[in-house]
Amino acid sequence: MKIKGMRIDGFGIWRDLSIESIPEGMTVFFGRNEAGKSTLMQFIRTCFFGFPKDRREKYMPPVYGGTPGGRLQLQRIEGSLEIQRTLDLQRPSDDGDVIITTPEGSASGQTRLRAIMNEVDEPIFNHVFAIGLQEIQELGALNDTQAADHLYRLTSGFDRVSLIDVLREIRQQREKLVGGDWFDPSHQLGRLLKRRKDLLVQIDALVAGGRRWAKIAAHAKDFSRQLAELEQQLATTDQEARQVEMAMQIADRWQNRCVVEQQIAAFGSLPDLALIDIARLDQLNQEALKQRDIVNNQLVERKHLRQSVGSIPINRLLWKNRNRIEALGEHVPWLESVEREIAQLEEQRQGAQQSLKEVTAEIQRSLGVGNRDASVLTQNTISSLHGVARGIREDRDRLTRAETEVREAEIEVKHLRDTLESARAHAGVQQGAPSTLEETSRLANRLRKRTELDKKIESLETSRREMQRDLDVVVENQELPASRLLVIGGVALAGLLLLLFGAQNWLSRDVEESIRPTGILMFVMGSVGLLFAYWLKQSYERNARDELNDFLHQIELVRQQLKRARQTRDELDAELPPGVTHWETRLKEAEGQIGKMEDIIPLENKLHASRQHLETLKLKRDKIDGTVKKAQRHWRETLKGLNLPEKLKPADIKDLARLIQRLETWRASLEESSQRLTEKQNEHRVFCARIHALAEETQLAAAENNPQKRLAELQRLVRSQRELIERREKLAAEFKKLRSNYHTQRARQDKLQASKRRLLSAAGATTEEQFRDFAHQHQQRGKLRDKLEVIDEQIRAALGGHFQWDAVVGLVQRHGPAGLERVWDKLVQDAEGLKQRISGLTLERGKLLQEMESLSSNEGLEIARLELSAVEQQIQDLTRTWQQLAVVNQLLESIREQHEKLRQPETLKEASKYLEELTDGEYRRIWTRLVGENLFVDHEGGQAINVEFLSRGTREAVFLALRLALVSAYARRGITLPMVLDDVLVNFDEERCHCAAEVLAKFAKTGYQVLMFTCHHHIHQTFSKHGVAVQALPHHRDVIKTEGGAVVIVNADDEWDYLVDEPLEPEYKDDLEGEVAPPVLEDLVDHDNLKSEMWWETAYEAAVEPRKVND
Amino acid sequence: MSETGKTPGQIPAGFGPVSSSPGTGSVVGNVAAAGRWEPFRFLHASDLLLHRPLQGVAEYPPSWQSVLASATYHSAIRFFDAAIAERVTFVLLSGNVVDLDFGGPRAIAFLLSQFERLGQRGIEVYWCGGEQDHLERWPTAIELPPNVRLFPSTLVDTATVRRQGKTLATIYGAAFDPHRTSVKEFQAGANVGFPIGLTHGSYESQRLAGHGIRYWALGGKLNRDVITQPGQIVAYPGTHLGRDSAAQGPRGAILVSVEADGQVRTQTVDCDSVRWLNLSLSVAESVHIDALKDLLADRALQMTSKLPDQHLLVDWHIATTGDYSAEFRREENHGKLLKWLRHEFSSSPGLWSVSLTFSAPQNLPKGWQNEDTILGDYLREVARYRQDVKLPFHLAHYAGGQDEIDGVTRLTRMDATVRESVLDAALLAGIERLGGNQT
């Protein structure tokens, strides 16, 4: 893709600027500082990539007004197009609106632009296709090692970012987490592991505190036990002392009590006072007399009642059947209703028979079968016919709809066919061309690929030829050059001479002893010289062999690529139409054809779809037609199977069904009436037979034959018998009650006599007089006991609730009043001793408990464990982060290996070519070793020099060569975009600037568009000499004043004076333009010194020294 | 059928949430009449694990240190407070209360003081040992209060609970025995009041049926699980405190109420003083980081106002929809966001954001996968490792530490799940470093 022209409507300081007819190769835009070069470059980027925030803030709104944005005219293999990018200042959009238009007038948007740019975004464009002054200055500001490193990065994966930079950043992040020595505290893992170890030690110590706590607890427990025992002893002693004191107080009362007890004991044993009840004895005597009179009266009343019951008569046979007679009597109303129902059912049966005859006759008329039996027709038969008839009706309806749809589809197909014919005629599609868009697209793709393959093969052929030519040089280098041979020979000869001379002075007997050590020294030096010469020779030869092998490997790679490309081309030729030679012309035709066919394709697709739809509808209609015929056959077969006339129509089924339903209704009605009549007659007959049988069982004379009247007579007799029975039962109940009362009164009389006997015997008395004497003795003894109770109460009051009776009395009995006082004194002394021991132990135990409390309330263990948990979580998090970084690292290493294996050799080879031209053959090759990240360049003298030791100017040449090689690499991948250079040659001397101009001009001629911006007069002159188009930028105010914008193609030499005289523009200042280029450093390599063997050391020192001064 | 936390039931009078308790939750079990018993209540807990700290918190503010370090004790105090507030007859501890070798003096002193508190109110404690609390290691010098009854591991012992001479319940208890494979030794007799089985270990609920036990008080499970079956309840209270992000949500004990009509109701009692929460948000990739901040703040405020007395540990998870957004995926922003969350809500009590994770983007920009750049190469390489899980990572090469073979193995080990998540993270890290955020 190449830029043909541009128009800036409004962007920064530019308004209405038009630049047309920009050459396809290289163009130099020349303008003084602040002329608007950077603005122009930014405009190009904006058209491609939009308005990011920084650009919008810097260049918008336009200083001198105008519509924000502009247009770029582009030329591609497929044709020209225009990118228009505008920004709506009212709308906060990043990219602005973009429209891509073709000469044919078709317009598209952002997606198409991305495809045109081959998905290259702005970071890649900036890193690959644009080289700025700032980058050159940054390269110059780096130290030697950094600069060499920066250059190496360009060769080993470089687009949006540098792969090496990313890998280094990841390695640094990874090593911050985990170092080579895990326990090194300068890394995070080391710090965490150390902290973890410390915490584990701390936790162990705190857990051990638990065992100490248990020991203290054991001591405390022992003390508590002793204390409890002592307190128990003290309490016992106090209790004993109080008891002794109490015993001394009650001793006198106890003596009185003993005297009263002796008087009571003198009465001996008496019957229990509760058994001697005098009042009870008197009461029993009175009740026995009254009970005897009552029993005699009841015996007389019983005799009178038994005589009255025997006089009432009973008919037992009639009374036995009373329930059956009453039950039959309850059914008399039911019997009357049965008789009425029989009469009604007779009437209904006759009516149903008449209706049945009438319906049968009507069915026979409908079928036209005369007197044939119509009973064969049932509701089920009609239902089966009804289902078949409904199926026929539905199929007919579907057939009608399908025929309508087919007619409509045919009309639509015809309409579309006519439309397509007219569209094809209008588009001018030729006969014999590929008929579909897919075929045409496939052909275009093949043609495009074929064209690209030709270019690639040509490029590879050129590379192969050049490498073949270089091979001769490399092969020649296998032999040692004369200068080196001379040096090696000189060293060897000098060594040999020293060896021989030294041997002579050392071994000869004629020589003096004082000279012999000198001889030995010379012998040794000579040997070393010979060995050094041998090593030097081997070293030269090994380097040459390595170089040859590398070269052969690269040639082999190119040869294989060439072979694959040719093979692909042959395969592609076989797929293309024969006889085509001008691939690009044919490609344009195919692409034109695609454009035309894209409009017709929807119509063709629609027609095709309509035809397919019509065919589908026809098939559907035929299928439904077959279904209708099949259903009609099935109708006829069904009629035949049911023995019905075939002339019967499906429409007749509805009337016939109604008649059959009526026939079956009357049949059911007749059958039901007959059945119910028979049932009712049977019930009436059975009931009458039961009445006659009951009358015979009672053996009474029959006055009536009518069952109902006979039953009424029986009911009357039962009622009179019930009255007699009730009277007899009443008398029997009275007799029973009287008998029960008699037995009760008799038992009460016996019970009274037995009670009196038990009363006397319980007290041990045999007579009533002895019983009354026991009662008197009890009265005397009771009085003595009351006296004893009073004494006890007095003693208890003295004891209160605190002392036990037995214990205190025991003390009085054991010691007597005098002994009690001695015991009390001893107990008081014991209590004092116990109190002192308790006090000491309580103090000791308190100390232990305090220490236990201190240990148990310390939450240090929990805090340490929490912190340990946090540290372990941090280690886990660190592990996960480290794993992520290591995985990214491994994946990127893998990508880097692929880059260095597949792309780096090509890039270096390409860059070597550009470097040789840039340095006028002084440096011939850029290469790298398999291990390490160092770039080397081969000097024309054959020396391999690390880039680190090159001068600044040469490094910039290497940089430019590598960037050109990167652009070429992208071109090999099918991505060709304009290259934008911003004063990249400011540090080149005149000679090297001349070479660079030649290289860039040549580079542009191989198919790359290069746009270079410069503010240096000598640079644009140099390019002019090499036939490069130079355009001088006008002053922006002049452009604004020009009506309709300026078309600028200016001879830069004529314009120079005008530009120099023009004052600086105060209103608008471009940051980048304001930067002043650093002083141009001379190429510090002294060419004369190159001839010396140690020339690179001189060059290195020379390169370092001035920089130190500048610093 | 497990009905944990989802079956609302009838709560008898005086049995509802008690404000003085740490938080009484919903009724979780209800067994119909299977007999007639004296009414009583008891509280069941297990796995207090007093010696075990919180896990998975890499950083915490100084003001939270004591809270997090003593969280297990604070939660245990809430449990004992609940027993007193609910006036239960006894308390059941189904093992794993504390490892006596590692608990230190604080744990033993703490348990003694709490048991004595219960004893002063006439509340019995029945404690069977679990896998970690070997009760034979209880210091011989320190006597347990008389209201505490321990159960051996070698046989099933019984304890009868009485009130005013009437038998309320009989507890058939045995400590954890690794060789015990069945519960056939647990066999309830007749006229024993309400029969309870107390042990530690996980058993199939079907195997627990048919022993005459009405309530199986078990322990050893991380999460609360109450299984109601005809005639019996099998209950695992779970840990009383969520110790890591796997133990989300409220934690505590089970309050069991045996009614006179034979109804047995179980109810959860939340005891945890620190609670883990997993909060998720779903946002579009295109959302601005400030808008995401607002969403996070709303959610955090909602949680802190809902649980004002609770210390909350939160794992945030942001699920995204839509295509990859470079601005949204910037690692630096994620770090700042987590820092901001911690700064804003870390008052005590409050909400501490433990982690903030983002799900992988649903789609990457079209064309990246196919472009001929380092980024494209990288995406294809990641895809290759995703498709072929057997492709190895040779991370030991980067690990250093030659003398730390085990450590290197731990550092570089990745199972399938970790490999997937590491690849997800590596993908985003690679995109950011290879200029994906510049496009």
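Numbered from 1 within each chain, the chains take letters A, B, ... in sequence-line order. Everything numeric here is computed off the predicted structure, so don't read it as measured data.
Annotation for B:Arg410: atom CZ does not count as buried by contact number, only 12 or fewer foreign heavy atoms lying within 6.0 Å. Taking a 6.0 Å sphere around CZ of A:Arg972, one finds it holds more than 12 heavy atoms contributed by other residues, nucleotides or ligands. The number of heavy-atom neighbours closer than 6.0 Å to NZ of A:Lys221, taken from other residues, nucleotides and ligands shown, is above 12. B:Glu143 CD: 12 or fewer foreign heavy atoms inside a 6.0 Å radius. Atom NE2 of B:His334 has more than 12 neighbouring heavy atoms from other residues, nucleotides or ligands inside a 6.0 Å radius.
For chain B, the option among A:Glu122, A:Arg903, A:Arg896 with the highest count of heavy-atom pairs below 4.5 Å is A:Arg903. Across A:Gln884, A:Glu175, A:Arg973, A:Gln874, the residue that shares the most heavy-atom pairs under 4.5 angstrom with chain B is A:Arg973. The candidate with the highest count of non-hydrogen atom pairs below 4.5 Å against chain B, out of A:Arg171, A:Met852, A:Glu169, is A:Glu169. For the options B:Asp372, B:Ile142, B:Leu68, heavy-atom pairs under 4.5 Å to chain A are most numerous at B:Asp372. The greatest number of non-hydrogen atom pairs below 4.5 Å with chain B, out of A:Gln876, A:Arg212, A:Glu859, A:Glu119, is found for A:Glu859. Comparing B:Pro139, B:Ala109, B:Gly367 by how many heavy-atom pairs each has under 4.5 Å with chain A, the most go to B:Ala109. Put simply, of A:Leu892, A:Asp877, A:Leu206, the one with the most heavy-atom pairs under 4.5 Å next to chain B is A:Leu892. With chain A as partner, the option from B:Asp101, B:Thr412, B:Asp424, B:Leu427 having the largest number of non-hydrogen pairs under 4.5 angstrom is B:Thr412. Taking A:Val871, A:Ile975, A:Leu855, A:Asp184 one by one and counting their heavy-atom pairs under 4.5 Å with chain B, the maximum is reached by A:Leu855.
A heavy-atom distance below 4.5 Å is found between the side chains of A:Arg880 and B:Val418. The shortest distance between side-chain heavy atoms of B:Leu375 and A:Arg160 falls below 4.5 Å. Taking 4.5 Å as the limit, some side-chain heavy atom of A:Trp182 sits within range of a side-chain heavy atom of B:Val408. Counting only heavy atoms from C-beta outward, the side chains of B:Ile374 and A:His899 approach each other to under 4.5 Å. No side-chain heavy atom of B:Arg106 sits under 4.5 Å from any side-chain heavy atom of A:Asn858. Put simply, the side chain of B:Tyr378 reaches to within 4.5 Å of the side chain of A:Val888, judged on heavy atoms. Proximity of B:Tyr60 to A:Leu866: side-chain heavy atoms (C-beta onward) are separated by under 4.5 Å at one or more points. Proximity of B:Arg433 to A:Gln173: side-chain heavy atoms (C-beta onward) are separated by under 4.5 Å at one or more points.
A:Gln890 and B:Tyr385 are linked by a side-chain donor-acceptor pair at a separation below 3.5 angstrom, with hydrogens and angles left out of the test.
Interatomic distance, OG of A:Ser869 versus CG of B:Leu54, reported as 7.0 Å (0.5 Å rounding). If you take OG on B:Ser355 and CD on A:Gln873, they are separated by 8.5 Å, rounding to the nearest 0.5 Å. Within the model, atoms CZ of B:Phe393 and CG of A:Asn889 stand 12.0 Å from one another, a figure rounded to the nearest 0.5 Å. The distance from the CG atom of A:Leu163 to the OG1 atom of B:Thr373 is 11.0 Å, given to the nearest 0.5 Å. Interatomic distance, B:Arg380 CZ to A:Leu891 CG, rounded to the nearest 0.5 Å: 13.0 Å. For the atom pair CD (A:Gln883) and CG (B:Leu411), the distance works out to 6.5 Å, reported to the nearest 0.5 Å.
Proximity to chain A (any heavy atom under 4.5 Å) is shown, for B:Thr72, by neither the backbone nor the side chain. Interface remark: A:Arg225 contributes no atoms to any contact with chain B (heavy atom separation under 4.5 Å). In this structure, the portion of A:Phe158 lying under 4.5 Å from any heavy atom of chain B is its backbone and not its side chain. Within the 4.5 angstrom heavy-atom criterion, no atom of B:Asn370 approaches chain A. Heavy atoms closer than 4.5 Å to chain B are found in the side chain of A:Ile124, but not in its backbone. With a threshold of 4.5 angstrom between heavy atoms, B:Val57 approaches chain A through N, CA, C or O but not through any side-chain atom. With a 4.5 Å cut-off on non-hydrogen atoms, B:Ser66 touches chain A through its backbone and its side chain both. Heavy atoms of B:Pro105 lying under 4.5 Å from chain A belong to its backbone as well as its side chain. No part of B:Leu100 comes within reach of chain A, as not one of its non-hydrogen atoms sits under 4.5 angstrom from that chain. For A:Leu861, the part sitting under 4.5 Å from any heavy atom of chain B is the side chain, from C-beta outward, and nothing else. For A:Ile875, no part sits under 4.5 Å from any heavy atom of chain B, backbone or side chain. With a 4.5 angstrom heavy-atom cutoff, B:His394 touches chain A via backbone and side-chain atoms both. When heavy atoms are compared at a cutoff of 4.5 Å, A:Val166 approaches chain B solely by way of its side chain, counted from C-beta outward. Heavy atoms closer than 4.5 Å to chain B are found in the side chain of A:Arg174, but not in its backbone. The parts of A:Thr879 that come within reach of chain B are both its backbone and its side chain, each placing non-hydrogen atoms under 4.5 angstrom from that chain. Contacts of B:Arg413 with chain A are made by backbone atoms alone, with heavy-atom separations under 4.5 Å and no side-chain atom involved.
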> Passes side-chain contact (heavy atoms from CB on, under 4.5 Å), B:Gln65 versus A:Ile863? Steps please.
Replying inline: CA-CA 7 Å; B:Gln65 186 186 54; A:Ile863 288 174; 3.5 Å; yes
> B:Leu395 and A:Trp882: side-chain contact (heavy atoms from CB on, under 4.5 Å), yes or no, with the steps?
Replying inline: CA-CA 10 Å; B:Leu395 305 189; A:Trp882 183 89; 4.0 Å; yes
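For the side-chain contact (heavy atoms from CB on, under 4.5 Å) test, residues two or more places apart in sequence or in another chain that qualify with B:Thr357 are B:His317.
Between A:Glu862 and B:Gly103, the shortest heavy-atom contact is OE2-O, 4.4 Å.
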